[in-house]
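Below: the structure, in structure tokens.
Letters go in sequence order (proteins before strands), and every chain restarts at 1. Hydrogens, waters and symmetry mates are skipped; everything else that's a heavy atom, side chains included, is used.
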Amino acid sequence: MIYKAQRGTFDILPENETIWERVRKICLDTVKLYGYNYIETPIFEDSEVFKRTVGQNTDIVEKEMYTFLDKGGQSISLRPENTAGVCRAFIERGLHNRTLPIRLFYYGTMFRYERPQSGRFRQFHQFGIECIGDNDYEIDYEIIEIGWKIITNLGIKNSKLNINSLGDNNDRLEYIKVLKQYFENYKNDLPKVDQLRLENAPLRLLDSKEKNTIEIAKNAPKTLDYLSEEAKSHHTNLIQKLEMLNKIDENFKFVENHKLVRGLDYYNRTVFEFTTDSSGPQGVILGGGRYDPLIEILGGPVTPAVGFAMGIERIINEINNKEDDFSNQIDVVIVITENIFREESQSLANNLRKNKIKTIIAPNKSVKAQMRYANNVNSKSVIFIGENELKNNSITLKLLNSSEDQKTFSNDNIEKIKQLLRI
RNA sequence: GUGGGCGUGGUGUAGUGGUUAACACGACCGGCUGUGACCCGGUAGAUCGAGGGUUCGAUCCCCUCCGCCCACCCCA
């Protein structure tokens with residue numbers, strides 16, 4: 001084999017269509033009920049759009065972006081996520097002049113240069129929603145509730161919400177300072193990876209998987225203790241709402257996870273993740289949070305916003321994707337006894353298709369082979385055209401999944417065909 | 001970037017240091033000169049991931065590379 005799909009990419013084949021379409025439909029149907037509207041942004045943007053928002057020092061920007069110079073010498077990046085693009089469009093297209101908050105959703109391909117493994121690809125699909133222009137905790141709740149609704153509608157069990165608050169910018173800076181001081185005391189006990197983190201991304205020390213670090217992190221200061229009054233009440237109000245949701249729907253489970261920090265720089269206040277226990281290390285199927293500073297960072301007016309992104313591949317992995325089947329079942333395969341009847345079969349085929357009957361003309365082979373073909377493509381029926389039929393202006397129809405006799409009738413009796421096929 | 005497992009027809013698997021690499025499914029053709037799916041028979045399809053080494057001889061042993069999968073990292 002000479003040509004192969006690039007590492008971390010894959011093909012969606014006909015038998016996968018059903019599940020992919022279903023997931024997409026459930027996502028869209030659910031958020032539309034909440035008044036969200038479709039937005040589609042380009043797959044590539046000025047690299048700065050991501051550097052400024054996702055964060056210069058994040059892994060995503062530092063080593064995972066597909067960045068290149070285009071023929072005009074401009075630095076372009078394939079989008080590693082879609083929030084930045086949506087915000088860019090929000091500013092550029094003047095959406096901030098509309099009635100706020102504005103509710104948007106997207107569905108599309110993202111790109112990250114990573115080593116692939118289960119639930120992780122270089123080209124992958126994300127569905128996400130953004131509610132821009134309202135800083136009320138009620139919106140945080142709405143976003144989480146929608147996430148939960150989608151997960152439920154998809155039939156995914158055993159998911160759990162992890163939630164935390166990072167506070168506002170000043171809270172966060174203060175917290176990082178305190179956290180750094182705390183870990184400095186144990187610097188020599190930290191493994192090398194984490195000594196580096198201490199310098200570059202101290203927040204990440206909290207969810208380190210190194211034994212020593214976990215031990216030390218147990219007594220580390222918590223973000224919640226460094227929140228401003230406002231951020232704190234925002235958080236406690238949200239938690240109350242979640243407790244109410246839990247009372248209404250006992251399947252909804254959540255924990256406050258003080259170690260949840262998330263890797264994108266633009267988050268403030270609420271951050272959350274839905275995880276499942278069955279999907280292993282890539283257990284996060286949906287994650288998001290509030291990103292109030294982002295739009296200003298991109299040069300827009302100060303505008304608060306919340307949103308989440310969902311990994312479609314992980315979702316599909318989760319709902320046993322045993323559903324492979326051909327939803328596009330063929331209704332009729334036309335079999336002709338001699339090639340000279342081909343003209344006839346073509347005009348019949350077009351007439352059938354005009355009547356929304358899915359039709360294929362069998363390949364130019366023996367009758368036996370044509371029948372096998374009809375069977376292999378899982379057609380509902382076969383229509384024969386031969387000398388006798390031509391003479392009488394009739395067709396012979398045989399249902400393939402039953403042992404019923406075949407029926408011969410007038411070749412313009414579409415209603416009869418539909419009736420026999422139960423269309 | 002680091003570590004572990006694995007690379008044999010289209011797919012899933014056997015197998016052995018020695019002349020035609022096996023089996024099942026799938027595909028194709030025929031048994032049925034106008035009828036599939038069942039049954040029976042046949043045909044095609046693999047330089048055993050690539051390169052090098054050891055050997056009289058390598059698909060098998062050794063090395064390198066490449067690819068896939070998994071884990072770390074990070075994230076959806």
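- Aromatic ring pairs are classed by plane angle as parallel below 30°, tilted from 30° to 60° and perpendicular above 60°; the pair A:Phe274 and A:Phe272 is perpendicular.
- For A:Arg204 and B:C74, the CZ to C1' distance is 7 Å, given to the nearest whole Å.
- Using a 4.0 Å heavy-atom cutoff across all strands shown, A:Asn376 reaches sugar-phosphate atoms only and no base atom.
- When rounded to the nearest whole Å, the span between CZ of A:Phe127 and P of B:A76 equals 15 Å.
- Residue contacts shown for A:Thr58 are absent, as no nucleic acid heavy atom lies under 4.0 Å away.
- Between the C1' atoms of B:A46 and B:A22, the separation comes to 12 Å (whole Å).
- Among the protein residues, A:Lys365 comes within range of the sugar-phosphate backbone only, with heavy atoms under 4.0 Å from sugar or phosphate atoms but none that close to a base.
- When heavy atoms are screened at a 4.0 angstrom cut-off, A:Phe341 is found touching no nucleic acid atom at all.
- Ring-plane geometry between A:Tyr66 and A:Phe111 is classed as perpendicular, the angle between the planes exceeding 60 degrees on a 0 to 90 degree scale with a lower cut at 30.
- In the interface, the side chain of A:Gln370 is not paired with the base of B:U35 through any donor and acceptor atom under 3.5 Å apart.
- For the residue pair A:Thr276/A:Ser159, the side-chain donor-acceptor check at 3.5 Å is not satisfied.
- A:Arg7 comes within 4.0 angstrom of the backbone, heavy atoms only, and of no base.
- Shown here is A:Tyr34, whose OH atom has more than 12 heavy atoms of other residues, nucleotides or ligands within 6.0 Å.
- Protein atom CG of A:Asn375 is 17 Å distant from nucleotide atom C1' of B:C29, rounded to whole Å.
- Heavy atoms of A:Ala374 sit nowhere under 4.0 angstrom from any nucleic acid atom.
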